[in-house]
Number of protein chains: 2
Amino acid sequence: MADRKEAGAKAGEGPASSQPTLDETDGEAPGRKSALGYTRPRTYEELRAVLASGTVHFPKRLRQVAIFLWQHPDDVALGTIVQVAEQAGVQPSTLVRFAKTFGFAGFSDLQGLFKDHVKGSWPEARGRAEPSPKAETRAELHFLGGIVAAARASLDRIGESFDVASFEAMIDVLAGADLIYLVGSKRAFPVTAYLSLTLSQQGVRNVLVDNVGSTAFDQIGCIGRGDALLAVSFSPYNSITPDLVAVAHEREAQIVTITDSTFSPLIPLSRRWIEVIESDFAGFRSLAASLSVGMALVHGVAARRSAGRRQGG
Amino acid sequence: MADRKEAGAKAGEGPASSQPTLDETDGEAPGRKSALGYTRPRTYEELRAVLASGTVHFPKRLRQVAIFLWQHPDDVALGTIVQVAEQAGVQPSTLVRFAKTFGFAGFSDLQGLFKDHVKGSWPEARGRAEPSPKAETRAELHFLGGIVAAARASLDRIGESFDVASFEAMIDVLAGADLIYLVGSKRAFPVTAYLSLTLSQQGVRNVLVDNVGSTAFDQIGCIGRGDALLAVSFSPYNSITPDLVAVAHEREAQIVTITDSTFSPLIPLSRRWIEVIESDFAGFRSLAASLSVGMALVHGVAARRSAGRRQGG
DNA sequence: TGCAAAATGGAAATCCTCTTCGAAATTTCG
DNA sequence: CGAAATTTCGAAGAGGATTTCCATTTTGCA
């Protein structure tokens, strides 16, 4: 490690003279620069402390950089400036500007901190992921542990049993649809809400049937043969979801369903369906598995759509 | 990283023809050369297995390289070829020869293995409960695996670092409030939607500020000193959430926040806040951790409320 | 609303890294 | 012991990566 640092120092010889800008500004208006003119952090921890202090007010892009550095230190350490910039959604030059703001000679200099950190923490920090023992001490923390465990269990179950064929078929149906309707009540609504958002962000137009203004049946009344409906429904099945799906079925729309048991009244109406079982803790039920499967569906649809567009024209 | 690999492959096009030495010797004395003619290892573990097998007889310098790679994988991942060569006590070109011996296009290609390994973000190797091996065969299933892994990683992070004090304090604030307002836009909306539902089911009255009819500011305009506001907000912070929270802050409501970085503009306005970092996969972000923490909050509030009622009434 | 200052995006220029190649040194085998 | 093959070394060229610079956009303020 010492060797590497020496080599680095050699490469960047004279970093002090190569950043006159900072010295100048320092001399001109120290009052404001004190926030940005922090002495160059010497370790990753120092940098993190500065970022966390919250005393620094960054403009938009630089803040974006700060957030990315905070959340993805590994990628910063391992990637090139272009790769990091791409992942962070900024220009490479922005990264350099950011580094200089903190008194580094450039991005490479800043990156050194991250490399050292990764190097130092690598072999030991591997065996993590265990909740701290204190988790059991307070009731609320115990509950949090239970909720997290339920979410994990739900995710595990996806790996254990997953109907690949149905999943693929559902993507086909949705990708082939003219317009995608999303239906989900109560617990299922957060799922459809997120899927609707993600679909829109992927450029796939869709209708989230949210029943605001009690207009759900009117919305569904517009569904046609070329459209598809993705229903998300959990037991107990006492919401309006089955009724809405029934209407869509009458109108000969393609229906696909995410549900939590084979007894769901939606299954007879559905072209394809997939079972996702969510675990619960003390009656509080996870959504982790449904969201994951739903996101995968969205991704599959978006991918197939763009592929089709490339093909077709 | 995929980019890098492609570039590497292009640069080293026809690696087989560029090492005729090996092929020749192969024909002459296969017993010894089979060791070098290994197919290119695809993962760090594979490479390690080959090195460990001991069946390979390297010349002096190459052996030196093998030993160094074995003992200092992190330095290999993070350094440049010059730095690695220096530390290993060989010429840079020796490293390139070593890499080519194993069928890599060059040093960068070999280094990719080490980078991937260090990053380890890829919980595929993280333990049991793998999705079926077929998971890699189809793109969509691979994506599902990635989404699930991201959700798991998010949940893991709760266990690693969790600000218990803030969490407890947030429960106190919310439990003591007259009416609880919930604010969250875009990605955060599914979270607040689910929390609102759960609160209601627990008998805790609340207002979900959903901005239907663009009435969010009017709703928030009714918040008072005795009320609390739970804001959920993720970067980028370009939604109306900060504005809504600012209004609530002016009206002296108690504000608590779930956010994903200390840079959130909500933090200065918040009485207490807690950081929850969600992992993402290919830009699709999990909500698992936020939902879990939120549910735990709801449970804590409900428990404290009913305890208070028992006491007071 | 208009001006000034700051921030941003993008491309050119520079620097460094990686790879290639031929000569020298070493080893191996007859 | 000598010749051939193999390995090593070091320099030079090609290709990226990083940085710098400037036009444009955005922000802040009167």
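Values below: every heavy atom of this structure, side chains too, minus hydrogens, waters and symmetry copies. Just so we're on the same page: letters track the sequence lines, and every chain starts at 1.
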> Aromatic rings A:His72 and A:Phe68: how do their planes relate, parallel, tilted or perpendicular, breaks at 30° and 60°?
Replying inline: parallel
> Would you call the rings of B:Tyr44 and B:His117 parallel, tilted or perpendicular, where under 30° means parallel and over 60° means perpendicular?
Replying inline: parallel
Interatomic distance, [X] [atom1] vs [N] [atom2] [rounded to whole Å]:
X        : N      : atom1 : atom2 : answer
A:Arg63  : C:dT8  : CZ    : P     : 11 Å
B:Glu86  : C:dT17 : CD    : C1'   : 14 Å
A:Phe98  : C:dT8  : CZ    : P     : 12 Å
A:Arg61  : D:dT26 : CZ    : P     : 11 Å
A:Leu78  : D:dA17 : CG    : P     : 15 Å
A:Ile81  : D:dT18 : CD1   : P     : 6 Å
A:Gln111 : C:dT17 : CD    : C1'   : 14 Å
A:Gln83  : D:dG16 : CD    : C1'   : 11 Å

Of the listed nucleotides [options], the one nearest the side chain of [X]:
X       : options               : result
A:Leu62 : C:dT19, D:dT18, C:dT8 : C:dT8
B:Pro92 : C:dG9, C:dT19, C:dC18 : C:dT19
A:Thr94 : D:dC9, C:dG9, D:dT20  : C:dG9

Residue-phosphate contact under 4.0 Å: [X] side-chain N/O, [N] OP1/OP2:
X        : N      : answer
A:Thr80  : D:dG16 : no
B:Arg97  : D:dT8  : yes
A:Lys100 : D:dT19 : no

>> Using only atom types and a distance under 3.5 Å, with no angle test, would you say the side chain of B:Glu250 pairs donor to acceptor with the backbone of B:Val247?
In response: no
Any side-chain donor near an acceptor of the partner, [X] and [Y], under 3.5 Å:
X        : Y        : result
B:Thr241 : B:Ser185 : yes
B:Ser154 : B:Arg157 : no
A:Ser200 : A:Asn206 : yes

>> Does A:Leu95 reach a base, just sugar-phosphate, or nothing at all? Heavy atoms under 4.0 Å.
In response: nothing
>> Other residues, nucleotides and ligands only: do more than 12 of their heavy atoms fall within 6.0 Å of CZ on B:Arg271?
In response: no
> So which heavy atom on B:Ala150 is nearest to which on B:Ser279, and how close?
Replying inline: O-CB, 3.5 Å
Between the protein and nucleotides 10-14 of chain D, are there any N/O to N/O pairs under 3.5 Å, and if so, what are the atom names and distances?
{"unit_1": "D:dG10", "atom_1": "OP2", "unit_2": "B:Gln91", "atom_2": "NE2", "d": "2.9"}
{"unit_1": "D:dG10", "atom_1": "O6", "unit_2": "B:Ser93", "atom_2": "OG", "d": "3.2"}

>> By the ring-ring contact (aromatic ring centres under 6.0 Å, His included) test, which pairs, at least two apart or in different chains, include something from residues 74-97 of chain A?
In response: none
> Quantified as the angle between the terminal helix axes (five pairs each), what is the overall bend of the helix from C:dT1-D:dA30 to C:dG30-D:dC1 to 10 degrees?
Replying inline: 30°
>> Check this for me: does any side-chain nitrogen of one of B:Arg285 and B:Glu278 sit under 4.0 Å from a carboxylate oxygen of the other?
In response: no
